[in-house]
Each structure stands twice: as C-alpha cells, then as structure tokens.
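Shown next, in structure tokens, is the structure this report addresses.
In what follows, every heavy atom counts, from backbone to side chain, and hydrogens, waters and symmetry copies are set aside. Indexing begins at 1, ligand by ligand and atom by atom, following the structure's order. Here the structure is a predicted model, which is why all the values come from computation and not from measurement.
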Amino acid sequence: MAPKSATKSKAKPSSRKSWKSRAVTRLIEPGSAVECMHCGDRVKFQARLRLQQVICNIYTKGRWDHVEHFHAECYDEADQPFGEPED
Ligand SMILES: [Zn+2]
C-alpha cells in the first residue's frame, strides 16, 4: 500500500495546465438517478451494498463538457475509457 499523505490542502505542486477528461470513484448515493453509460441501467443506491460508481468529467477541447456515470464494474468492462479512476 502506498502511504497516503494526510494533508488537507489540495494544493499540489502540479503542472497540469490543460483540463482533460478524468474519472473518479464514488459511492453511489441515495436518490441517484443516473444511467450507466456502458450498460444503460440505472446506477442505483442499495442500502446494504456500498456500491461504487465511476464519475467521469468529460472535457472537450480543454473545456468541461459533461459528466458520465458508470457502474464501477462496467467502467472496468468498458476498459476504463477515461483512465484509471481516482478516489
Ligand atoms: Zn453499468
């Protein structure tokens, strides 16, 4: 396991200049009403299963365009089209 830096600040010395599409993993929240871009099913909250979804922020030509949601499994199945999801 990689050691986590416990800083609260998000200010990383990053040289990321252009925004590009990226993916994050999140728990599915109650009331979620989005559809998986891969299988087309609802990304549904289930109380006893702490299911995860992958949320992708899609950037087109350097500008934020839209968000896509996947079941975590579907995202893997789709071969991680927007890169490895971050937490
Ligand atoms: Zn799916």
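Minimum interatomic distance between Ala23 and Gly83 (heavy atoms only, all atoms of both residues): CB-O, 4.1 Å.
Here Glu73 pairs with nothing under the side-chain hydrogen bond (donor to acceptor under 3.5 Å, both in side chains) rule; sequence neighbours left out.
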Please table the atom pairs, donor to acceptor, closer than 3.5 Å between any side-chain atom in residues 57-72 and protein atoms at least two apart or in another chain.
residue, atom, partner, partner atom, Å
Asn57, OD1, Trp64, NE1, 2.9
His66, NE2, Glu68, OE2, 2.9
His69, ND1, Gln53, OE1, 3.0
His71, NE2, Arg42, O, 3.2

Considering only distance and modelled atom types, tabulate donor-acceptor pairs under 3.5 Å from the side chains of residues 24-34, sequence neighbours left out.
residue, atom, partner, partner atom, Å
Ser32, OG, Val43, O, 3.0

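Under the 3.5 Å distance criterion, the side-chain polar atoms of Tyr75 are left unmatched by any main-chain donor or acceptor of Ile55.
Protein atoms that are N, O or S and lie under 2.8 Å from the Zn ion (ligand 1) are these: Cys36 SG, Cys39 SG, His71 ND1, Cys74 SG.
Looking only at side-chain heavy atoms (C-beta outward), Cys56 and Arg22 stay at 4.5 Å or farther from each other.
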